[in-house]
Structures are given as structure tokens and as C-alpha cells.
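Comments concern the structure below.
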Amino acid sequence: MSIIRFGADRLMHGTFAILAPVFALMVAQPAAAASYGSYAETAGQAAVGATFDNAAAAPSGDRAAMLASIDQLPTAADRADALGQLSPRAYAVLPRLAITSMDSYDQEIRDYLAERRSIAADAPAGVPTHGDRTFNMMLSGGLKQASFDAAPDRPAANMDGRSVRFAVDVRPVDNLIIGATLGVDNLDASLDLAQHPRITLLTTYIGPYASFNNGKFYLDVTAGYNLAEYKLRRQVQWAGFDDKLSGSLVEGDGWAATGEAGAMIRTGGLRIQPFAGLQYRYADMAGFSEAGGPAALDVAPFNTKSLRSSVGMRLSANMAAGKWTLRPTVEGRWQHELRKRTDSRIEARAATRDLEIFTLQPAGFARDVAEVGAGLTATYNHRTSVRLSYHGEYASDRHVNAARLTISRRF
């Protein structure tokens, strides 16, 4: 029995001697990190995580440190947010900013055409109705502010803008206006409240417009080309990691077209214009590469396409005072997006190009928008007009407010 007990003691002692170093190593080392894809809360974060999980080679020193800092973040939400910052989500809203700029140009021209109809309808005998004496020039300046709510794989954005516009037109025949416009819009956008990346956008818009009315009905048509120049800056930052990134000047193209038709109804001194319209917008961004550390990206071109229907009503009244005519105007409009998906997917990869490409599909914007407008025009001798106006756009995920001062004169 003593021999058996002695053998058992020796066996247990040997087993402990073998397992003790293994147990000590397990206690001394942290558990292996979970896959990065498992940290994700959105499809875009999962695509970034899968890219790191599928990497065949061991990460370089900078990237290894970046990934280790993600593993050490205290909460699942922090790790998911880090993956989101490593995606191009900060750029998802940029074509929408260009479309907001196009909408402002288009709305301003259509407001101006409505004023031209009102002035012509009340002009006394002797005021020219067509020919070279009906050349009209318009100059305007405006301010606007917009906010866009965050959504899966799309950042929140706050935008401020300043614009200048010039237009010239003529009536070649009675009741027909043909003209062209040129405008410049400068926008500054702050994205994501935590890191405050800044995006600067300069747009130049040029295009023709036309308006026809027979005193009972009208038809307005506008079109334009928009050249957008983006200056990109963003910061990827969380506990244990900080990378400031920048891109060169990136260009984008845009196209806009709008048709609007309505009735012209007069009841005493009140003018009523119910209308319906169709708007097409296209904006793209060229591909670009970020400069910076291990978080820098190569981003492929992407775009936004929008086709919207609208219905609304415009009310105005004329109040004459000598050679002056005051005309207050109010307007309401409801827009509906006809395309189910307006934003293209965004493809990107690490700027070092040693990892596979991943895809981001940002959440779409609300498809229904309410618009309101109000203005006051003072016209002198049916020839010179000064107008102060406001235009607002309200949807469940965005708000746009704009104010403009417009001066026009017939020569």
C-alpha cells in the first residue's frame, strides 16, 4: 500500500510540475482578442472589422498598435465606434451637401421668375413686353444653415454657407423669359460631435432657365451644372490612438434640372399659384487618398442621385404706394423622393493598399420633406426690385434654413 501511495504522490507531483508553468502563463497573459468583426454594430463597421480579420500577414508596428488600442477600449460601443471611424463614413454626406447647394440655386431662380410674372402682370400700358428693352439683371447674396442627423454609417453634420448669384434674362416674345445664371456657394461643415472633422466645399453653378405663361398657367424650366471642390480634413481618435488625416483638393460634378407648372389665379388683390413639379439632382465625388498614419484610406468615386416630385401653393398680394409696389409672398411645398436608394455604396481600402477593399452603404435620408418660404418685395416704377426672403426645408432627419437679399433691374 505504501508503494502505491508513494507512486501516486510522485505522479501528482510530476503532473503539477508540468501544468504549473502553463497555468502561470495563462494567468499572466490576457485572453486572445475577439475578432474585430464581432465588435461591429453596423454593416459598415462589420466590413472594416472583417478586413482586419482576413488580413493574411501580421500587422505592421503602427497598425498593430492601432488594433491593440481598439482591443483595450473599455466598452463594446467604444470598439464599434473605433471601427466606424476607420471607415469613410465621415464622407458619406458630402454629395448631399452639393445637392443642398443646387437646391438653393434652383429655388432662388424660381422665386425670381415668380416675381417677374407678378411685375409683368401688373405693368401698365407703355411698359415693354418683349424685345431688347426687356433685359433684366439680378444680383443676390444669401446665408444658409443646415443640420443633418446621424444614421447608421452616416455622420451628423452642421453646415454654414454663403452664396452670391448673378442672372440675366430677356423676353424675346410676349410671355416668354429666357435667361442664364452663374453662382458661387461656399460651405463649411462640421461632422461628428466627438472629433469635429471639418469639410470645406466651394461650388460654382451655371445654367439656363426659361419661363412661359399665358396669364392663366405657367411653366418654369431650370437646368444647371455644378462644379464642387472639397477640402477634406478628419481626425480618427479614441483612448490610446490619434491620427490626423487630410486629403488633397477633391473635385466633384453635379447636374440639376427642374420643371414646374402651375395655375395663375387672381382673386381681388390676392394671387394664388398652385403648382406641381419634378426635380432631378446628381452629385458625385472623385476618388481620393488620405495622407496620415495607419488610419488613412483610399476612397473610390461615389455619388448621390435624386428624383423628387413636389406639390405646393404660392400666395402673394400687391400693395401700391405711388411709384412703389410692395408684394408679400408666402409659399408651401411638399416633396417626395421617388428613388428608393439615392446614395451609392462607398468602396475604400487602407492607403497602404495591403488590405482588401471594404464597402460602406450609408443609411438613406428621409424621402418626404416639407418646404416653406416667405418674402417681401419692393418694386419701384415696375423696373427696380429689392427682395428679402426666407426659405426653410424640414424633414425628420435634416433642417435647412436660408435667407437672401435680391436686387433686380430692367434695362
Side-chain angles (χ1 to χ4, degrees), residues 102-124 127 129-130 134 136 138 140 142 165 167 169 171 173-179 181 208-224 256-280 308-320 325-336 368-379 382 385-394 400 402-404 406 408 410:
M102 291 184 228
D103 288 344
S104 294
Y105 296 148
D106 179 68
Q107 182 65 46
E108 186 171 354
I109 288 297
R110 285 185 288 117
D111 285 350
Y112 165 69
L113 290 174
E115 289 298 305
R116 298 274 275 124
R117 284 193 294 272
S118 295
I119 293 172
D122 293 318
V127 174
T129 59
H130 65 274
T134 61
N136 210 82
M138 183 268 284
S140 71
R165 167 167 304 284
D169 56 61
R171 286 193 180 92
V173 297
D174 286 350
N175 300 324
L176 176 65
I177 298 173
I178 297 177
T181 182
Y209 58 87
S211 177
F212 173 80
N213 81 86
N214 62 4
K216 295 182 179 180
F217 300 95
Y218 75 88
L219 173 64
D220 292 342
V221 178
T222 68
T258 297
E260 180 181 290
M264 301 173 65
I265 304 169
R266 177 179 294 191
T267 304
L270 182 66
R271 290 159 177 77
I272 306 172
Q273 295 183 11
F275 57 81
L278 197 63
Q279 302 177 354
Y280 174 76
R308 293 169 286 183
S309 62
S310 65
V311 292
M313 183 175 292
R314 186 180 297 112
L315 304 175
S316 64
N318 284 5
M319 296 177 289
T325 301
L326 296 180
R327 185 168 40 260
T329 305
V330 294
E331 177 181 325
R333 181 193 315 263
W334 185 264
Q335 284 190 349
H336 176 70
D368 292 300
V369 181
E371 296 188 19
V372 295
L376 179 63
T377 304
T379 301
H382 301 279
S385 295
V386 178
R387 176 175 172 82
L388 183 63
S389 61
Y390 163 81
H391 183 80
E393 178 181 324
Y394 301 93
V400 182
R404 292 187 294 264
T406 304
S408 62
R410 175 174 58 84

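Quick caveat: nothing in here was measured; it's all calculated off a predicted structure.
- Note that CG of N214 is 7.0 Å distant from CG of N175, once rounded to the nearest 0.5 Å.
- Side-chain contact between I265 and Q273 is absent, with no heavy atoms from C-beta onward closer than 4.5 Å.
- Side chains of V369 and Y394 form no contact here, defined as non-hydrogen atoms less than 4.5 Å apart.
- Under the 3.5 Å distance criterion, the side-chain polar atoms of S385 are left unmatched by any main-chain donor or acceptor of S408.
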Step by step, would you call R271 with N318 a side chain to side chain contact (heavy atoms under 4.5 Å, CB included)? CA-CA 9 Å; R271 290 159 177 77; N318 284 5; 3.6 Å; yes
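- Ionic pairing of R308 and D368 is not present here: no N-O contact between side-chain nitrogen and carboxylate oxygen is shorter than 4.0 angstrom.
- Remark: E393 pairs with R398 by the side-chain hydrogen bond (donor to acceptor under 3.5 Å, both in side chains) rule, at least two apart or across chains.
- In terms of heavy-atom proximity, A167 sits nearest to Y209 at CB-OH, 3.7 Å.
- Scored by the side-chain hydrogen bond (donor to acceptor under 3.5 Å, both in side chains) test, R387 finds E115, T377 as partners (sequence neighbours excluded).
- Going from atom OG1 of T181 over to atom CD1 of I109 covers 4.0 Å, rounded to the nearest 0.5 Å.
- For the residue pair G215 and N213, the shortest heavy atom distance occurs at N-OD1, 3.1 Å.
- A donor atom on one side chain and an acceptor atom on the other are found under 3.5 Å apart for Q107 and D111.
- The side-chain heavy atoms of R110 and T222, taken from C-beta on, include a pair separated by under 4.5 Å.
- A salt bridge links R117 to D220: at least one charged side-chain nitrogen sits closer than 4.0 Å to a carboxylate oxygen.
- How far CZ of F212 is from CG of D174: 9.5 Å, rounded to the nearest 0.5 Å.
- The line from CZ of R171 to CG of L176 is 9.5 Å long, rounded to the nearest 0.5 Å.
- Around the CZ atom of F217, the shell of radius 6.0 Å holds no more than 12 heavy atoms that belong to other residues, nucleotides or ligands.
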Please evaluate residues T379 and R327 with respect to the criterion side chain to side chain contact (heavy atoms under 4.5 Å, CB included), reporting the C-alpha separation (whole Å), side-chain torsions for both, the decisive distance (0.1 Å), and the verdict. CA-CA 8 Å; T379 301; R327 185 168 40 260; 3.3 Å; yes
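- A donor and an acceptor atom, one from each side chain of D169 and Y112, are located under 3.5 Å apart.
- When all heavy atoms are compared, the tightest approach of I119 to H382 is CG2-O, 4.0 Å.
- Taking both residues in full, the closest heavy atoms of Y218 and E260 are given as OH-OE2, 2.8 Å, listed atom of the first, atom of the second, then distance.
- Two residues are said to be in side-chain contact when any heavy atoms from C-beta on lie closer than 4.5 Å; M138 and T406 meet this criterion.
- Listed by chain and residue number, R314, R333 satisfy the salt bridge (Lys or Arg N to Asp or Glu O under 4.0 Å) test with E331 (two or more places apart in sequence, or in another chain).
- Here the shortest heavy-atom pairing between R116 and T134 reads NH2-O, 4.0 Å.
- Minimum heavy-atom separation, L113 to A210: CD1-O, 4.3 Å.
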Might you work through the side chain to side chain contact (heavy atoms under 4.5 Å, CB included) test for R404 and E108, ending with a clear yes or no? CA-CA 9 Å; R404 292 187 294 264; E108 186 171 354; 3.2 Å; yes
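- For the residue pair D106 / T258, a side-chain donor-acceptor distance below 3.5 Å is found, with atom types taken as modelled.
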